[in-house]
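So the structure is just underneath, and the comments pick up after that.
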Amino acid sequence: MSRPRSSGRSGGWLGALPLLVFFALVFGVPAVALVAGAFTAQGRPSLDNLALSLRGGYLTALLGSVKLSAVVALSGAVLGTFLAHAVVTSRFRLLREAVLTASGVLANFGGVPLAFFWIATLGNSGVVSGPAGLPSGALYTFWGLAVVYLYFSIPLMVLVMAPALDGLRPQWREAAANSGATAWHYWRYVALPVLAPAMLGGVVLLFGSAFSAYATANAMVGTVVPLVTLKIAAALTGDVLIGYENIALALSLDMIVVAGLVMAVYLPLQRRTSRWLH
């Protein structure tokens with residue numbers, strides 16, 4: 001009986017081998033090249049690139065990206081959750097389908113087209129800012145960029161939270177009401193523990209999406225708002241200094257570390273909150 005099991009296991013590994021090779025080539029080779037380049041300066045192993053990436057303007061850009069991503073993630077999570085709850089509890093099926101469909105489209109609407117949309121609307125000569133006399137300069141600041149990022153972050157949070165909100169059973173609210181619990185008690189002790197894993201996952205997803213965004217910020221603010229993705233692009237293309245390609249790799253490694261720290265905080269919280277469901 002043991003032989004068929006071993007052959008089945010080996011057959012499973014052989015079936016997954018092409019996928020493993022694909023992932024090794026697509027993700028493993030670039031990761032090895034990135035780490036090797038980050039720890040190489042002037043053709044020899046060195047920590048100079050990492051040290052330089054954590055000083056001066058590079059550190060300012062990294063902290064600026066973290067701050068922007070945190071603001072977008074938290075704001076988008078709150079607003080997206082409220083919008084998803086309003087849609088899920090709505091009696092109008094057409095409204096629900098329209099909002100979810102629009103969220104699926106807007107969550108993937110970014111890059112240069114998104115920047116052009118906002119500049120043409122609220123830019124210096126925008127169709128709204130011009131006739132209305134609105135201050136157009138606010139669009140090209142940190143908070144203006146945060147608002148633009150919310151344009152795709154809120155719909156993304158709606159897509160994350162709508163299925164989770166659908167999982168809240170009406171019987172739970174009725175049982176809580178019959179036990180004398182108020183609406184606050186229901187949300188504090190019943191609904192939020194159930195929704196917490198999805199909300200935390202949404203915050204992490206929004207943070208990563210804003211943290212890695214490049215084209216929208218490059219088209220809108222350029223060097224006005226210091227962001228790590230813009231610094232990486234400048235180092236790779238030699239727009240500022242030539243021969244700083246490995247600095248870009250070091251900055252990329254810094255981004256990976258930040259993303260890893262966010263996941264390290266998220267995973268234990270996700271396990272702890274998901275225990276309520278078992």
- Query: If you look at every heavy atom in S90 and L95, which pair is closest and at what distance?
  - Reply: OG-CD2, 3.6 Å
- A38 and L253: which non-hydrogen atoms are nearest, and at how many Å? CB-CD2, 4.1 Å
- Query: Side-chain heavy atoms under 4.5 angstrom apart, residues restricted to Ile, Leu, Val, Met, Phe, Trp, Tyr: same cluster for L192 and V160?
  - Reply: yes
- Separation between CE (M220) and CD1 (I119), nearest 0.5 Å, reads 5.5 Å
- Task: Can you tell me which residue pairs pass the ring pair (Phe, Tyr, Trp, His ring centres under 6.0 Å) test with a partner in residues 95-119, sequence neighbours excluded?
- Result: F117-Y151, W118-Y151
- Query: With a 4.0 Å cut-off, would you call D254 and K231 a salt bridge?
  - Reply: no
- Message: Would you compute the distance between atom CD1 of I232 and atom CD1 of I247 and round it to the nearest 0.5 angstrom?
- Response: 11.5 Å
- Message: To the closest 0.5 Å, what do you measure between OG (S75) and CG (L206)?
- Response: 9.5 Å
- Query: For L79 and M157, what are the C-alpha separation, side-chain angles and deciding distance, and is it a side chain to side chain contact (heavy atoms under 4.5 Å, CB included)?
  - Reply: CA-CA 8 Å; L79 297 176; M157 192 66 184; over 6 Å; no
- Item | Nearest heavy-atom neighbours spanning L168 and L195 | CD1-CD1, 4.1 Å
- Message: Determine whether the aromatic ring centres of residues Y186 and Y189 are separated by less than 6.0 angstrom.
- Response: no
- Check the angle between the aromatic planes of F152 and Y149 and answer parallel, tilted or perpendicular using the 30° and 60° thresholds. tilted
- Pairwise distance OG(S69) to CE(M255) - rounded to 0.5 angstrom: 7.5 Å
- Is F211 linked to I256 within one hydrophobic cluster, defined over Ile, Leu, Val, Met, Phe, Trp and Tyr using a side-chain heavy-atom separation of less than 4.5 Å? no
- List the steps, then state whether side chain to side chain contact (heavy atoms under 4.5 Å, CB included) holds for I154 with L83. CA-CA 8 Å; I154 293 177; L83 179 58; 4.2 Å; yes
- Task: Kindly say whether Y214 contributes a backbone atom to a donor-acceptor pair with the side chain of N218 at under 3.5 angstrom?
- Result: no
- Query: In the single-linkage hydrophobic clustering (I, L, V, M, F, W, Y; side-chain heavy atoms under 4.5 Å), do V203 and M199 co-cluster?
  - Reply: no
- Starting at CG of L68, measure out to OG1 of T229 and round the result to the nearest 0.5 Å. 9.0 Å
- Message: Closer than 3.5 angstrom, by distance alone: can the side chain of S153 be matched with the main-chain N or O of G76 as a donor-acceptor pair?
- Response: no
- Item | Nearest-0.5 Å distance that lies between atom CG in L159 and atom CE in M161 | 12.0 Å
- Working for side chain to side chain contact (heavy atoms under 4.5 Å, CB included), residues V71 and F207: CA-CA 9 Å; V71 169; F207 182 93; over 6 Å; no
- Item | Contacts of type side chain to side chain donor-acceptor pair (under 3.5 Å), residue N108, not counting sequence neighbours | none
- Applying side-chain contact (heavy atoms from CB on, under 4.5 Å) between F39 and each of N49, D48, L50, L34, report the one that passes. L50
Name every donor-acceptor pair, under 3.5 Å, that has one atom in a side chain of residues 97-104 and the other anywhere in the protein, sequence neighbours excluded.
unit_1	atom_1	unit_2	atom_2	d
E97	OE2	R93	NE	3.1
T101	OG1	E97	O	2.7
S103	OG	V99	O	2.8

- Residue pair A191 / W187: nearest heavy atoms and the distance that separates them: CB-CE3, 3.2 Å
- Shared hydrophobic cluster for L139 and W143 (ILVMFWY, side-chain gaps under 4.5 Å): yes
- Item | Smallest separation among heavy atoms of A86 and T89, with atom names | O-OG1, 3.5 Å
- Message: Between F27 and L19, is there shared hydrophobic-cluster membership here, with clusters defined by ILVMFWY side-chain heavy atoms closer than 4.5 Å?
- Response: yes
- Message: Show the nearest heavy-atom pair for residues G80 and V158, with the distance to one decimal.
- Response: O-CG2, 3.6 Å
- Query: With respect to L145, which candidate in L150, V224, L227 satisfies the side-chain contact (heavy atoms from CB on, under 4.5 Å) definition?
  - Reply: L227
